[in-house]
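First up is the structure itself, then whatever we jot down about it.
Quick note: numbers below take in every heavy atom, side chains included, and nothing from hydrogens, waters or symmetry partners.
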Amino acid sequence: MTPAALLNEDDLSVDHEIPQDPAGTPHRPHVRSPVDVLRLIVAVVLVAFGVGVANLFDSAFLGLSDDGSTALEGLPDWAIDLPAIALAVTLLSSIAALAVWTFFTRRFRRLTIFALALALATVLSVAIGELIFMMIDGPVRDAFDTAGPAFRFARADGTVHPGDPLLAGSVALLGVGTSYVRRSVARRLAVLIGLYAAISVVGTGVPAIATLTDVGVGLFAASLLLLIFGRHDLAPNRPEIV
């Protein structure tokens, strides 16, 4: 799945599907939706649950990581790293394509929301990853004392960080993007993110203790920004009714 296949001119905007109102305005109004309040609450619960799971079952995550490494030890390193790196590059390319298209089509408000979602999710992923790193037991913490794959975020000492800002940022972009892109492209992006998360769990060689929290902070960032800036009002307008 290439970025070009994931994102195309028709998919990136839903504006062309919306009839103009009598005043000639082609854009939907922006509204605050109760759905985003519910999503925000779910995100907070998911982050808290993820932190608790990481604290209580960190040894289980370490065992799962060791089992995965054992199952893949017969493969060369490049064969283990290639799928996750390819998915990470595809995901990053898709994000870049989305940003470039939004910029050149002069949808600067939308671009601002996308950039804020990515930045907020990245910061929260790093911060909560550090919190989890301080909470886990010594043997589990030692498992992160490795250089790790090229696509994983690294701590200041060069070791792998428990959090994955790319995963968190992608979830955040998907969350805000549901208000601006077609369902078809949202589904494709969701599948790509799911594959990346699954491959990262088994192919990084480190315990996936922050996967739940990364998904949670991505959902939190998206919901918070949609509550602040609003989402497209999908209620039928007068021309659509008549």
Side-chain angles (χ1 to χ4, degrees), residues 36 39-58 61-62 65 84-85 87-96 98-99 112-136 140-141 143-178 189-190 192-228:
D36 293 316
R39 289 171 57 185
L40 188 67
I41 296 173
V42 171
V44 172
V45 172
L46 184 58
V47 171
F49 178 74
V51 171
V53 168
N55 184 35
L56 295 175
F57 301 102
D58 52 352
F61 281 106
L62 177 60
S65 175
I85 292 176
L87 283 170
V89 170
T90 303
L91 200 54
L92 285 169
S93 301
S94 301
I95 293 172
L98 176 64
T112 300
I113 296 174
F114 288 160
L116 288 175
L118 185 61
L120 180 58
T122 297
V123 170
L124 290 176
S125 175
V126 173
I128 295 179
E130 286 293 333
L131 173 63
I132 292 175
F133 191 78
M134 292 187 294
M135 296 170 57
I136 58 180
V140 184
R141 191 180 300 114
F144 290 93
D145 189 14
T146 177
F151 65 90
R152 281 301 297 261
F153 182 74
R155 304 180 73 243
D157 57 4
T159 60
V160 178
H161 192 279
D164 188 349
L166 177 57
L167 175 59
S170 300
V171 172
L173 287 177
L174 176 62
V176 297
T178 55
L189 187 57
L192 183 60
I193 293 172
L195 289 174
Y196 170 75
I199 292 294
S200 297
V201 167
V202 299
T204 59
V206 296
I209 58 176
T211 301
L212 282 177
T213 56
D214 283 331
V215 173
V217 299
L219 184 61
F220 175 86
S223 303
L224 180 63
L225 289 172
L226 287 176
L227 284 173
I228 294 174

**Q.** Distance in Å, Leu56 CG paired with Met135 CE, rounded so as to fall on 0.5 Å steps
**A.** 8.0 Å
Q.
Using 0.5 Å steps for rounding, measure from the CG atom of Leu189 to the CD1 atom of Ile95.
A. 7.5 Å
Q.
Which residues pass the side-chain hydrogen bond (donor to acceptor under 3.5 Å, both in side chains) test with Thr213, not counting sequence neighbours?
A. none
Q: Kindly compute the distance separating OG1 (Thr178) from CZ (Arg39), expressed to the nearest 0.5 Å.
A: 5.0 Å
(Q) Main chain of Asp164, side chain of Asp214: is a donor-acceptor contact present, judged purely on distance under 3.5 Å? (A) yes
Q. When rounded to the nearest 0.5 angstrom, what is the spacing between CG in Leu166 and CG in Leu92?
A. 5.0 Å
Q) CG of Leu124 to CZ of Phe220: how many Å apart, nearest 0.5 Å? A) 6.5 Å
Q) Looking only at heavy atoms, what is the nearest atom pair of Ala210 and Pro162, with distance? A) CB-O, 3.3 Å
**Q.** Where Phe114 and Leu173 come nearest, the two heavy atoms and their spacing
**A.** O-CD2, 3.3 Å
Q | Closest contact, heavy atoms only, Ala121 versus Val217 | A | O-CG2, 4.1 Å
Q: Heavy atoms only: give me the nearest Ser125-Ala168 pair and the separation to one decimal.
A: CB-CB, 3.8 Å
Q. If you take all heavy atoms of Gly175 and Leu226, which pair is closest and at what distance?
A. O-CD1, 3.7 Å
Q.
Any side-chain to backbone donor/acceptor pair from Ser93 onto Val89? Under 3.5 Å, distance only.
A. yes
Q: Quick one: pull up CG in Asp36 and CG in Leu227 and give me the separation to the nearest 0.5 Å.
A: 5.0 Å
Q. Which pair of heavy atoms, one from Ser170 and one from Ile193, lies closest together, and at what distance?
A. O-CD1, 3.4 Å
